[in-house]
Amino acid sequence: MTRAAAGGRIDRSRVLRFRFDGRDLTGHPGDTLASALLAAGVRRVATSVRFGRPRGIFSAGPEEPNAIVQIEEPFPEPMLTATTVELYDGLVARGLSGRGRLADRPDPARYDAVHAHCDVLVVGAGPAGLSAARAAAADGARVIVADEQPEPGGVLLGLPGGVPPGSLAPPGAVPSGSLGLSGALPLVSGESAGPPGAEWAAATAAELSRLPEVRVLPRTTVVGHYDGNHLVAVERRTAHLGAAAPAWMARERVWRIRARRVVLATGAHERPIAFAGNDLPGVMLAGAARTYANRYAVLPGRRAVVFTTDDAAYAAALDLAGAGVRILAVADARPGPNGRWRERVREHGIEVLAGGVVAEARGTGEVTSVVTGDGREFEADLLLVSGGWNPVVHLFCQVGGTVRFDDGLQAFVPDTPPPAVEVAGAARGLTSLHDCLADGAAAGTRAAEALGGGGSRAGTGRPGTGRDRQAGGGSPERRGGVRRAADGAPQANGHALWLVPADDCSTHFVDLQRDVTVADIRRATGAGLRSVEHVKRHTTAGTAHDQGKTSGTLVPAIVAGELGVHVREVGVTSFRPPYTPVSFAALAGRDRGALHDPVRVTPMHGWHVERGAVFENAGQWKRPRYYPREGEDMAAAVLRECRAVRGGAGAMDVSTLGKIEVRGPDAAGFLDRLYTNLMGTLRPGSIRYGVMCRADGMVFDDGTVIRLAEDRFLATTTTGNAAAVLDWMEEWLQTEWPSLRVYCTSVTEQWATVALAGPAARDVLSGLAPRLAADAADFPFMTWRDTEVAGMPARVCRISFSGELAYEINVGAWHGPALWSAVLDTGRVTPYGTEAMHVLRAEKGYPIIGQDTDGTVTPADLGMEWMISKKKADFVGRRSLTRADTVRRDRRHLVGLLPEDPGLLIPEGTQLVEHERLPAPPVRSLGHVTSSYLGAGLGRTFALALVSGGRDRIGDRIFAVLDGGQAPVAVASPVLYDPEGARRDG
Amino acid sequence: MLLIPCPWCGPRDETEFHYGGQAHVAYPADPGALTDEEWARYLFFRDNPEGAFAERWSHAAGCRRWFNAVRDTATNRIHAVYRPGEPRPVTG
Amino acid sequence: MRGEHAVDDLPDPPGVLWRAPEPRRSYDVVIVGAGGHGLATAYYLARNHGITDVAVLERGWLAGGNMARNTAIIRSNYLWDESAGIYEHALKLWEGLEEELGHPLLFSQRGVLNLAHSLQDVRDGVRRVNANRLNGVDAEWLGPEEVGEVCPIVDVSPDVRHPVLGATYQPRAGIAKHDHVAWGFARAAAELGVHLVEHCEVTGIEVAGGRARAVLTAGGRIAAGTVALCAAGRTSVVAGTAGVELPLQSHTLQALVSELLEPVHPTVVMSNAVHVYVSQAHKGELVMGAGIDAANSYRQRGAFHVVERQMAAALELFPVFARAHVLRTWAGVVDVSPDASPIIGRTPVDGLLVNCGWGTGGFKATPGVGWCFAHTIAHGEPHPLAAPFSLDRFTTGALVDEHGAAAVAH
């Protein structure tokens, strides 16, 4: 065991059992999978993707490039970092070789999303973030603080107790200690005057949580920062509970946050150095080792060498030494290490190699010795590396902030901020705790003040107002770059060491997860590539799970070295969301299954379901396609339904047709501008069929228009297009013809409509509506009447989509089921579905817009020249109908087709050609079959088709291209059944 | 996601809106008098600037009113919103 | 199956790809935009027409625009004869391109399924399959069970919100590694003497006497016998400097990848109705795209709600993706034409030719359009396969309306 008997932020009173790579192990609440593995002495966690090399635990956070694991139980989840998986009882996991495995069963978990608005969003609850939140809240701002860890504190959680607070600290209890980044006085475990950082963080977060307008979100990673300060965060609510997670609770929750101002207090990532064997288990970032020692009371090794380019690793060395790790040497690459640090470690008997480097980590499977640049070999199982610190600028850059290379820090730091964004603390290059606390507080105050002195309570300005932008500008000195400490001395002490030169750089790893080495980078630059983006693509560096969090500065620096230019000229690759990987399921949220797309049903839907209707989706609607009886297949059912309509009476639920009430003094003129034919001449009480075109002259929708009164029309639309037609009308009204006094209202769902069709329809209707004068003379075709049907107020329209005598009976939606039952209870009426309707209308040559048209068909192509009014000057689309291409004689016309074999049903979508024998491709197509059925009325098969010059080919023999060969068909008029219209009046 | 200040409802998420392309493209007074080239321009040609763009939006999931906005297509910042029929405001 | 450690590593591209040349002050042909189309055009100008006094000018890094951002789907199963002609020409070139360029492209003909979710989708799909066959494009119609055989992870159960009712299947379709395609053309073009000039933004086109004479760049004026635009989403901006207006609108298009996963997805699946397209790339990452952001934009940053919707759609089709993770999202700027088909050929300015309007689907056409556009440049006359895509179709009305085939596109 490498777990200390005391200390750390773990709960030793409880034992958690887990299994890793088949071994049963234990840990404690407060552990991550990584800390528990280290505590159990597991060094090799994963295998590298390209070379199959053993890999251990490299970091203590989301930047982990090595320890990639697959969760197997309680539910398979691929590619998680062991450093961010909170340990839970029953966890089963295994180390991966760069690729994860998806579950083979559905994910039972729930996911959800939340919208939130705030004055100030603070990203990160480390010292800067908590200070910022406190300052902003004190100014009256509505604040959200989001932090990826289970408890607030950020880097403080990995620090020991601290030293007295300095003069820069804000009033009140403040944490003590150094961030360990550099600069501040040495701190060692046990020296404490102020409260330990983690306690300060917990107390501060608790204080914030008590404020009514502040929300603290733990386990919540802000992953994306978008235009307009729209940020996306993912809250992990139950993953840390394992199998004990309550099923009712969303496992993960996406927060869509709109913030008036944002404070990015995202901290910094320590970075590695490239040297031989730097990927072996036992090589670890110095700060991570310190975190394991302090936070988890785990010793990641027994004998350690430290390799550093800055002061930070000294603090780590001292903490580990204090915890019992034997520190053999500190190889400090700087020619002149910080004297105070050097003295401090020497007091602990640790040798400092000034200007020293580690040339190689050696070992089979893990580090067993470390060779320094002077050729000495230290027997060691742990090598702590610190190549400097990279401010976490991911979100800052995602939203358009620019970075510059800071020579003092040897890192890319925020430069020009996007509007209404502040960066605070280590995220902008600060390295001491005191500075981060002060900087956070200042940023929080600035953010709140920019809102107008008091946030929501006082301000009513919207984001993006002039005032906002002005405040967002700030002075460059305040807003970007590495600040200077109070005494004016530069704080940053970065030293540029990216790689330890060697002849063979094939194990100098740069991107550990993609197995990219310095040798790979050299091959890329050797191929002539000079852009870091090209090198990234050539080597794949930075494209793995960690998205270059550890390699992101190393790669450009090494490229710069190869090209002989400054790293600033090379720059960084784009930072792209998400900051850390996000599960597909979290993003899909609740928009799954039935909620993926709303289902719309008619008032009569229950009846259809009860009678075993087979449904089809029509837009969002469920429509009965046919009603099979015992032993019937679709063809038999449809034939029976069609025969019922042609021979007696059928009823269809047509409530889904779009219905738009168009009202106002100018309604008639308005409709005349949209429909191709005249609507203004329609008399109240009458009905007219109409067609609409887009401005390009192509048919867009059709339907009947009822004139209810001089100033009132009811336009019907196809089922799928109802919303589009309403949008179309409103767009023209509001944007082109605002002077027209017209109002459009969708009334689709206010009505239930039953089509009653067939020679017996009048009899049936008369029985149900005794007060209606239903004779053909009293109630002629294309008129409507208000009456009572089955005791319900109804509007009855005499229209037909089957060629038969037919009515559409409209009642209030509430009465729909009663009407439907009343019609069917006559015992004379057969319910029919959309399929029979399609057959019946096709026999009459009535096109279905969207089936017999495809957005490239004009009214003339449909044979509807008669629908194009000669009397009005214009309608939308008219001008397009006289262009060169729209007046071609060989355009595709809607025609009927009669297969020579009257039993042959030609599949819809079949192509038509002139050739009896198909030549080699390409073969010119004459057109295609749009609708094809066995016609009950015709007693044979037939089709509708769009055929080039079709109306000039009527009577011609052309060929349908079928799998089994060509089938001859005769081109015919589209109106095949009852062409004289004798059946219309019954 | 854009935050679009509807002139009637105030700032709302982009998901509530429907985009309508370039503003101030009037339907020709007499389409029949246009040449095919002129009609094609009306049908198919729209400005596509990188920078300030006067465009139409409809608050489809809100008040259902159309309005115009001047937005910078390079930054996505909205500089002004105004009602149909109003002239394009001068923006900085 | 691939062994656990034997992850398909990307093959090493050959030694030297291209070197930065010193630009001359004059070229026979200046191509604006070193994306796939610009590079392929330059290559075929040199290879097919012996025209090597060519510069390809790129404002950023070579092939760093949409070429670096697309989902690399290759297919030719378009509806109309005109489209089938050029896309199938491209696919035939793809089939020999690794050999032609002597460059590994990871071209993988794993097939593409275009799913149907409604009865009308079925009709449209069958129609397209039949049209494809007449054009010599391999195409099959598959029922739901056959879809499940080709791609077992697609949920083909009838009880979902938008059940899979069938699919068109083009077995010869597939994917390629986009960077390698660009580098292959770049290397081959450079070897033939073409100058590839990066970080050289064209800020203007000099027109005199109705003819394009030169391009203006930050580095100075470069005279050109012909200026050929392959500038994708920025075409309107560049053409505008010559006073040429085009019926294009620029939009942001987003895509994303997951982490590396063991092989689960053997083909390419596209769905218009639920709006998603997805493949699993060679290394194992899921590559996905969605529809364009609605509003015109030159911003290579999209809106997140588009990605969220895309994920919901993906899980409807592929429930097993639930716990896959989005690793990286990005966006490009595409130029969309009114009929979802490209515009290739002459402009009102002599000597200024355009190749644009490819919207979301330009990658798959790369070799085909390079071939045809080079011909058009060399002869001053459109290649027969490019002729239907002339600018004047918007006046005559002879559009090539591929909204059906390209609705999600690509």
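So that the names make sense, note that chain A is the first sequence line, chain B the second, and so on, each numbered from 1.
With C:Trp80 as reference, C:Val400 is the one residue of C:Leu399, C:Val400, C:Asp339 to meet the side chain to side chain contact (heavy atoms under 4.5 Å, CB included) rule.
Taking the six-membered ring for Trp and thresholds of 30 and 60 degrees, B:Tyr82 and B:His24 have nearly parallel ring planes, at less than 30 degrees apart.
With chain C as partner, the option from B:Gly51, B:Gly20, B:Ala74 having the largest number of non-hydrogen pairs under 4.5 angstrom is B:Ala74. Note: B:Asp36 leads B:Asp13, B:Thr35, B:Asp72, B:Asp36 in heavy-atom pairs under 4.5 Å with chain C. For the set C:Gly302, C:Gly240, C:Pro247, the entry with the most heavy-atom pairs within less than 4.5 Å of chain B is C:Pro247.
Using a 4.5 Å cut-off between heavy atoms, B:Phe44 touches chain C through backbone and side chain atoms alike. Only the side chain of B:Glu14 has a heavy atom closer than 4.5 Å to any heavy atom of chain C. Heavy atoms of C:Arg393 lying under 4.5 Å from chain B are absent altogether.
Using a 4.5 Å cut-off on side-chain heavy atoms (C-beta onward), B:Cys6 and B:Phe17 make contact.
Under the 3.5 Å distance criterion, with hydrogens and angles disregarded, a donor-acceptor pair is assigned to the side chains of B:Trp57 and B:Glu55. When only modelled atom types and interatomic distance are considered, C:Ser236 and B:Asn48 share a side-chain donor-acceptor pair under 3.5 Å.
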